[in-house]
Amino acid sequence: MNYDLVCVSHLRWDLVFQRPQHLMTRAAKGRKVIYWEEPVFAEDLPPHLETRRDSGVLVATPHLPTGLDEVQVGRMCRQMLDGLLADQAVERFVLWMYSPMPLYYLGGLKPQAVVYDCMDELANFRFAPPILRQREKQLFERADIVFTGGVSLYEAKCAQNPNVHCFPSSVEVEHFAKARRLLPEPHDLQQLRHPRAGFYGVIDERMDLELLDSCAERMPEVEFVLVGPLAKIDPSDLPERPNLHFLGRKTYAELPAYLAHWDVALLPFTLNESTRFISPTKTPEYLAAGKPVVSTSIKDVVRPYGEAGVVYIANGPDAFCRALRKALSNDQQARQVRADALISGMSWDNTWQAMQRQLERTIANKQTPTGTAPREAQHAPSLGKLSGK
């Protein structure tokens with residue numbers, strides 16, 4: 001089908017390379033893709049739109065002066081968006097949304113379809129605006145098709161729209177399998193001893209910092225390495241231990257080199273409302289890198305990875321340290337064979353192609369007077385379904 005994509009996201013394109021980046025870069029191989037970010041505010045700044053291209057995607061960032069109310073912000077953003085669509089000759093397009101918050105200024109647009117790619121339960125996150133739940137309800141009513149980023153989210157959202165499909169985040173196996181080879185050691189790891197237990201990703205309120213601190217205290221022989229940007233956490237709140245290291249943001253291309261020089265990978269998430277529905281992209285990435293993985297009991301990690309015996313699941317400092325010792329000392333060959341089999345059908349290429357098929361079926365149904373999109377079954381899909389097979 002002939003259509004372009006306008007992706008509206010609360011996630012900065014350059015923050016970390018995750019689900020939106022994987023999907024939009026693939027979409028951009030066959031059509032125009034605009035990635036519309038949230039505004040950046042600064043004092044005494046004339047309104048303007050910053051654009052740049054990355055991997056075929058046109059990233060657009062509105063810059064606005066501080067002190068505007070929501071109506072003014074929406075009006076300026078809409079004027080900039082309309083101008084950009086005209087400049088880029090974008091006429092037939094799909095509106096692909098990651099956050100419901102900008103919905104209020106998108107009225108009047110006439111996309112071929114509205115997609116809500118629901119990655120998280122955003123209303124449960126720290127500093128979420130109270131109106132977010134209402135806006136999401138409106139987006140579910142407006143969306144022609146909804147994708148969810150995990151099984152738990154699918155189970156929570158499948159009754160809110162007649163066309164909901166579960167597509168957990170996938171993995172570029174070839175990229176992370178580089179970590180199984182001898183890669184040059186990053187300079188900021190070279191002074192650290194082994195064994196090393198590592199995590200990469202956004203470090204925010206979902207991270208169990210108390211658990212990390214306790215494990216670092218109980219296992220002084222292990223170097224705990226965390227890679228990624230801070231979000232909604234003050235640097236002064238980070239625990240300080242001689243064997244606890246926060247190395248900051250790294251690029252997607254750099255991640256295999258870090259994984260190659262870790263002995264075990266961690267998913268030390270806290271268990272609360274903000275993590276109730278998460279489906280960490282890094283789980284299959286860690287496994288593709290050939291690393292044993294220790295995680296707290298995040299539902300979408302327990303099922304299927306914990307149940308398949310390819311991820312150690314433990315809660316609390318004592319149990320987490322015991323699991324970490326097992327991951328460091330046990331022979332991992334059988335676990336890795338199971339892990340490789342489990343992730344063998346997962347690929348972002350397959351996921352994007354399957355999403356595209358569902359989207360184009362939805363567009364075709366909209367164009368027929370009696371067409372209605374098929375409803376997904378009200379149960380957790382099989383792993384083959386999850387991987388886009």
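What you see below is based on every heavy atom in this structure, not just the backbone, and it leaves out hydrogens, waters and symmetry mates.
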If only side-chain N and O atoms count, and only distance matters, is there a donor-acceptor pair under 3.5 Å linking Y252 with E172? yes
Do Y200 and E285 have a side chain donor and acceptor closer than 3.5 Å? yes
Donor-acceptor pair, distance only, cut-off 3.5 Å: does the side chain of Q367 make one with the backbone of T362? no
Rounded to the nearest 0.5 Å, how far does CH2 of W352 lie from NZ of K29? 11.5 Å
Considering only NZ, NE, NH1 and NH2 on the basic side and carboxylate oxygens on the acidic side, decide whether K299 and E121 come within less than 4.0 Å. no
At what distance, to the nearest 0.5 angstrom, does CG of N365 lie from CD of E360? 12.0 Å
Are more than 12 heavy atoms from other residues, nucleotides or ligands located less than 6.0 Å from atom CD of Q190? yes
Between T51, L85, L64, T61, which is the residue that forms a side chain to side chain contact (heavy atoms under 4.5 Å, CB included) with M80? L64
The test is ring pair (Phe, Tyr, Trp, His ring centres under 6.0 Å); show your working for F224 and F246 and say whether it passes. CA-CA 9 Å; F224 291 84; F246 294 89; over 10 Å; no
Is it the case that the side chains of E136 and Y116 hold a donor-acceptor pair, with the cut-off being a distance below 3.5 Å and no angle test? yes
Are V310 and I343 close enough that some pair of their side-chain heavy atoms sits under 4.5 Å apart? no
Nearest heavy-atom neighbours spanning T66 and E43: OG1-CG, 3.5 Å
Any donor-acceptor pair under 3.5 Å linking the side-chain atoms of D208 with those of T296? no
same_hphob_cluster(L189, F176) at 4.5 Å side-chain heavy-atom cutoff: yes
Quick one: pull up CG in N315 and CD1 in I298 and give me the separation to the nearest 0.5 Å. 8.5 Å
Check G290 against R335 and note the closest heavy-atom contact, atom names and distance. O-NH2, 4.0 Å
I'd like to know whether L84 forms a side chain to side chain contact (heavy atoms under 4.5 Å, CB included) with W36, so could you lay out the CA-CA distance, the side-chain angles of the two residues, the decisive distance to 0.1 Å, and finally the verdict. CA-CA 10 Å; L84 183 62; W36 184 264; 4.0 Å; yes
Look at the rings of F167 and F147 and say which category their plane angle falls in: under 30° parallel, 30 to 60° tilted, over 60° perpendicular. perpendicular
Taking a hydrophobic cluster as the set of Ile, Leu, Val, Met, Phe, Trp and Tyr residues connected by side-chain heavy atoms closer than 4.5 Å, whether directly or through intermediates, do Y105 and V40 fall within one such cluster? no
Using only heavy-atom distances, determine whether the side chains of Q353 and D349 contain a donor-acceptor pair under 3.5 Å. no
Is a salt bridge present between R276 and E273, judged by a nitrogen-to-oxygen distance below 4.0 Å? yes
Check whether any side-chain heavy atom of L238 sits under 4.5 Å from a side-chain heavy atom of L230, and report yes or no. yes
Closest non-hydrogen atom pair, A288 against R180: O-NE, 3.0 Å
Just say parallel, tilted or perpendicular for the rings of W348 and H22, cut-offs at 30° and 60°. parallel
Is N243 reaching over with its side chain to a backbone N or O of A216, donor-acceptor style, under 3.5 angstrom? yes
Co-membership, hydrophobic cluster, residues L153 and V115, 4.5 Å side-chain: no
At what distance, to the nearest 0.5 angstrom, does CZ of R31 lie from CZ of F93? 14.0 Å
Taking distance alone, no hydrogens or angles, what donor-acceptor pairs closer than 3.5 Å link side-chain atoms of residues 317-329 to residues at least two apart or in another chain?
unit_1	atom_1	unit_2	atom_2	d
D318	OD1	R218	NE	3.0
S329	OG	R325	O	2.7

Nearest-0.5 Å distance that lies between atom CD1 in I34 and atom CD in Q88: 5.5 Å
Working note: D213 + R241, criterion side chain to side chain contact (heavy atoms under 4.5 Å, CB included); need CA distance, chi angles, decisive distance, verdict. CA-CA 7 Å; D213 187 42; R241 298 271 175 193; 2.7 Å; yes
I'd like to know if R193 and E221 make a salt bridge, using a cut-off of under 4.0 Å between side-chain N and carboxylate O. no
Heavy-atom closest pair, residues L109 and R142: O-NH2, 3.7 Å
Do Q358 and R361 touch side chain to side chain, with heavy atoms closer than 4.5 Å? yes
Should F269 and V301 be marked as a side chain to side chain contact (heavy atoms under 4.5 Å, CB included) after you check the CA-CA gap, both sets of side-chain angles, and the distance that decides it? CA-CA 11 Å; F269 290 113; V301 178; over 6 Å; no
Is any side-chain heavy atom of L226 closer than 4.5 Å to one of L212? yes
Applying side chain to side chain contact (heavy atoms under 4.5 Å, CB included) to L267 and Y305, what does each step give before you reach the verdict? CA-CA 12 Å; L267 292 167; Y305 302 102; over 6 Å; no
Considering the options T281, T351, D117, which one meets the side-chain hydrogen bond (donor to acceptor under 3.5 Å, both in side chains) requirement together with R19? D117
Flag side-chain contact, heavy atom, 4.5 Å: P239 against L244: yes
Other residues, nucleotides, ligands: >12 heavy atoms within 6.0 Å of E210 CD: no
How far apart are the closest heavy atoms of R12 and E37, and which atoms are they? NH1-OE1, 3.2 Å
In terms of relative ring orientation, are W13 and F17 parallel, tilted or perpendicular, with 30° and 60° separating the classes? perpendicular
Residues V8 and P102: closest non-hydrogen pair is CG1-CG, 3.6 Å
Contact between F199 and Y286 at the side-chain level, heavy atoms closer than 4.5 Å - yes or no? yes
Interatomic spacing from CE in M346 to OG1 in T283 - rounded to 0.5 Å: 9.0 Å
Ring pair (Phe, Tyr, Trp, His ring centres under 6.0 Å) partners for H48, two or more places apart: H63
Take atom CD in E141; do more than 12 heavy atoms of anything else shown fall under 6.0 Å from it? yes
A side-chain contact here means heavy atoms from C-beta on lying under 4.5 Å apart; do L247 and Y258 qualify? yes
Side chain to side chain, Q18 and M119, heavy atoms closer than 4.5 Å: yes
